[in-house]
Asker: 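My questions will all concern the structure given below.
Proteins get letters first, then strands, A, B, ... in listed order; numbering begins at 1 in each.
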Amino acid sequence: MPGLEDLYREIILDHHRNPRNRGELAPPASHAVGHNPLCGDEIDVYLDVTDGIITDVKVGGQGCSISQSSASMMSQAVKGKPVDEVRALVRRFKGMMSIPDEDGNPIEPDPAVKLGDLEALQGVVKFPVRIKCATLAWNTLLEALEQG
Amino acid sequence: MPGLEDLYREIILDHHRNPRNRGELAPPASHAVGHNPLCGDEIDVYLDVTDGIITDVKVGGQGCSISQSSASMMSQAVKGKPVDEVRALVRRFKGMMSIPDEDGNPIEPDPAVKLGDLEALQGVVKFPVRIKCATLAWNTLLEALEQG
Amino acid sequence: MTHSSLDIAAVKAQFPLLQRELNGSPLVYLDSANTSQKPRTVIDAMTQFMEHSYAPINRSAYQLAAEATDQFEGARTKVRRFINARRDHEVVFTKNATESLNLVAYSWGRANLAAGDVVVLTEMEHHANIVPWHMLVQEKGIELRWVPLTDDGQLDLTDLSTLLDGAKAFSFTAMSNVLGTITPVQQLCAAAHAAGAIAIVDGCQYVPHNITDVQAWDADFLAFSSHKLCGPSGIGVLWGREELLDAMPPFLGGGNMIADVRFDGFTTAPLPAKFEAGTPPITEAVGLGAALDFLNGLGMANVRQHEMDVAAYAISTLTERFGDDIQLHGPCNVEVRGATFSFAFRGIHPHDLSQVLDQRNVCVRAGHHCAKPLMRRLGVNATARASFYVYNDTHDVDVLADALDSATDIFGF
Amino acid sequence: MTHSSLDIAAVKAQFPLLQRELNGSPLVYLDSANTSQKPRTVIDAMTQFMEHSYAPINRSAYQLAAEATDQFEGARTKVRRFINARRDHEVVFTKNATESLNLVAYSWGRANLAAGDVVVLTEMEHHANIVPWHMLVQEKGIELRWVPLTDDGQLDLTDLSTLLDGAKAFSFTAMSNVLGTITPVQQLCAAAHAAGAIAIVDGCQYVPHNITDVQAWDADFLAFSSHKLCGPSGIGVLWGREELLDAMPPFLGGGNMIADVRFDGFTTAPLPAKFEAGTPPITEAVGLGAALDFLNGLGMANVRQHEMDVAAYAISTLTERFGDDIQLHGPCNVEVRGATFSFAFRGIHPHDLSQVLDQRNVCVRAGHHCAKPLMRRLGVNATARASFYVYNDTHDVDVLADALDSATDIFGF
Ligand SMILES: Cc1ncc(COP(=O)(O)O)c(C=O)c1O
Ligand SMILES: Cc1ncc(COP(=O)(O)O)c(C=O)c1O
């Protein structure tokens, strides 16, 4: 079994303790709620999208350290970014989480897309049950984008 | 495994080859149809009951040697008998077939009730799957009596 | 006699139960259309799993549970590959094929059928593909139409397009459990779609014996059971096209199938969980996976070839030995039939016949085979049925024939 | 510490999986409320059956099939005795408790409930006893009422008669899978009947741990699963009062549940076949029978006593060691609770907690435990849950406590 230090990196615990971009955005901001049916965690993602740019993002809800820190890092990573770039980032992140693409094939990492701090979540892949925790915020982000 | 000669006694094969009281009775005779869901056999029992006496009985339907001969012997045994006696006979016959009573207790043989030829069906108990064949006519008889 | 590429003695040796002797002679198990025996590898996979890896799946986060979940979901992938479906989550585990077909009737049926809507069945369906539709007749007032049979027990497709005209669903077996007939599934799916109906395939008898390809068929649903293909009892499969499954309301409600439950309502989980309420047959899924590995090891093309050989041998042996004394139902052309034979023999009632065969340790089924409408169509109450599988060979046909002969001694009248 | 009459080391030795070491240390399995491990005798009974006696049941006439049928029906008798039901045919085999409860909701519910009719549940129900009723709310417009909880997680019965006023059914758990609370089943059944409602008992968590007597309870239905009482996955039980089952329409349609099928309709078979469509979980029934034998061998009174001892030890150990840092949900009086504990610990999310405990091979569940309405009532998203069974002892409580301590090292903030 891989050690817990692979999972609970310091930067993750930091985002867990001090989550960034917590809060809500009022309509017309788009809003999606994601559920992790395994553990009952819920995440709210609020987005302001103007001219194809995510101008603001807020995160609400409750969850474990992995889902909370992933959501916090996600919010930092997407704020101010064009939607296209964000979609590429989601893809890259899912690839890191060993999630296959639509056709069930592995996602090749696109070197143009930078993960930055998000690399710290790499260790989650060794704990397959926690992958759903790490991706919850990202799937909810995609849903919020659909509405935008 | 018990030998087949225990099951297929000569008298059984005789009733199978030459079934007694085959046919139908017109209304107001009572009529019931019994199904053996295991093998698809069907038996029709027609009864004329007057003043508590089974004055006539006819048997229709199709089935294996055991169900047919049991029906044939049944028809002989009940014709002309008072309904009370017939009910006692059914009970005695079910007891011989190791079928428990309403409360799940074994049925003690009542020495006052004579089985006669029906004793030939005794061997069926050794072939539990065939018990349903042997009792089909008798259960159908009870149903026909309910209607009477 | 056979040119099969399977070494049947070696295959048979892998089935512990078939090593059993009853009253001093070996068992000739000819009731696989009813349920099949289990190879060593399936029994061992289940035992191993219960001894080493049993745990809740999809619910708990600890390593043991993750391992168990991997094995359970691994079985789903094996099923998906075995029937060449596109997505793992199109594969729903049920308790048996009967539940699979009821799921379609309850969930798809209730959402899509109203009074007067037509569902087309065939005259050779198993009760599992009849009664759920009868219930919708009672409840909703739908109309059933029946594809008739030719005299040699194939589907009579002459009026198919008329029957399908205006139909919403066509639900049919890929192989008859009574006649052995293999139906032209691809053609039937195309006909259904041309009429605007969905195509529901009962694969209970087909999947264990043939290469299955739901995409080549262009089917919409496929139902089958594990216990007929060397796998354990207690688990079945419903495969369905993603778009259809996604659009359907849930069937059984409870744990695992929900995204959220409140005091005032609930929302459903994504596929396949949406249709898998409660604790699934965990060990059984692992056993089913092992059964598919076993069959893949033999090669389904070899299995089919072997059964065609046995079927051809059975037809020639039985007709040569008994002539008009035996009546085999179903087609004689082994290209359109499997190795399942219903027959009538010298006027002896099937129940009596199976009793006498049992005396020789030959296990055949006697009865209506859960196909009473078909029995009525054939004009009989019951038939005897001998069905052959990967562990049977032409020698078993000879044993059956010898045993049949002995029946005449008792009932020779 | 304990005065149990069970020798737990000897009991544990009978569970192969619990002999397993993961990463060099033994497994402490505290997730039996989710699903239990299987003793040697259950695994062996299933293996033996598949190797020697597997055959179709209730369908074929040969000796092998008769033997298999005897074992299958023998399991039904064992279930009947275990819950002290009157008749074997009141015992229906399903795939799990979830199907059992859905069967009641679909069949009894559809025949007996109309718009505005009231069904009463409790706030501590499992989704399996909520969602099927929600479906009837959607479909029929019935009304649900909820028995509230006291602060220590028992049912608050103050307004019970008002809640039950005019109700048609009262469906409640005999023991909460989250709180461990044992409910006063006999009293609840009486209250239901006094109001003219039927009483449906979810026995999933109760039956594995206590002496069950449906006649003493005067219940109408009881649902439970095999996999939580040392038996295999893939089989559950619905017990119902004969008069009710007899009067209900069928649920799943197919083979075995019919008396006759025609092109234009069908009639149903007598109990229990009427509710057992298709090939049942045959091997699983045999395994369930072996599990009941195993539990009877221990003695259910001893099982209950042992779990009261463990529960008492757990309560005192955890509260003494952790004081306000641990919050145990559910009652403290072991007379009204089993050995299932949900808890919150030092603000650490349950998912993280179970991950850390897993590092020490302590298997606990983290999540909503399929009881989201209850989670909302408790004001949490999730809890960690440790549940103890016949193979756990007070030492396992100590290991849990040590492992909890280690969690603080990581999340100590
Ligand atoms: C109280 C209760 N009811 C119902 C269920 C559902 O049981 P199953 O998942 O075996 O259908 C469970 C277990 O998950 C339970 O604990
Ligand atoms: C053609 C066909 N359909 C459906 C079934 C029902 O399968 P099960 O009893 O496994 O649900 C069977 C087997 O009994 C079958 O042969």
Asker: Within a 6.0 Å radius of atom NZ on Lys58(A), are there more than 12 heavy atoms belonging to other residues, nucleotides or ligands?
Answerer: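 Counting neighbours around NZ of Lys58(A), more than 12 heavy atoms of other residues, nucleotides or ligands fall under 6.0 Å, so yes.
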
Asker: If you count every heavy atom of other residues, nucleotides or ligands that lies below 6.0 Å from Arg91(A) atom CZ, does the total exceed 12?
Answerer: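 Atom CZ in Arg91(A) is not packed in, count stays at 12 or less.
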
Asker: Taking atom types as modelled, find out whether His349(D) and Asp41(A) have a side-chain donor-acceptor pair closer than 3.5 angstrom.
Answerer: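 Yes, a side-chain donor-acceptor pair sits under 3.5 Å.
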
Asker: Are there over 12 heavy-atom neighbours, none belonging to Asn18(A), within less than 6.0 Å of that residue's CG?
Answerer: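 Yes, because the 6.0 Å sphere around CG of Asn18(A) holds more than 12 heavy atoms from other groups.
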
Asker: Heavy-atom count around Asn105(A) CG within 6.0 Å, excluding the residue itself: above 12?
Answerer: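 More than 12 heavy atoms, drawn from other residues, nucleotides or ligands, come within 6.0 Å of this atom.
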
Asker: Under 4.5 Å, heavy atom to heavy atom, which residues of residues 366-373 of chain D contact chain A?
Answerer: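 From residues 366-373 of chain D, the residues near chain A are Ala366(D), Gly367(D), His368(D), Lys372(D).
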
Asker: Out of curiosity, Ser65(A) OG to Ile348(D) CD1, how far, rounded to the nearest 0.5 Å?
Answerer: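 Those atoms lie 9.5 Å apart.
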
Asker: Taking heavy atoms only and a threshold strictly under 4.5 Å, list by residue number the residues of residues 375-384 of chain D that touch chain A; give 'none' if the list is empty.
Answerer: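 So far as heavy atoms go, Arg376(D), Asn381(D), Ala382(D) are the residues that approach chain A to under 4.5 Å.
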
Asker: I need the residue from Glu42(A), Gln68(A), Arg130(A) with the largest number of non-hydrogen atom pairs under 4.5 Å to chain D.
Answerer: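 That would be Arg130(A).
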
Asker: Give, for atom CG of Leu13(A) and atom CG of Asp352(D), the distance between the pair rounded to the nearest 0.5 Å.
Answerer: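 Spacing of CG (Leu13(A)) from CG (Asp352(D)) equals 8.5 Å.
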
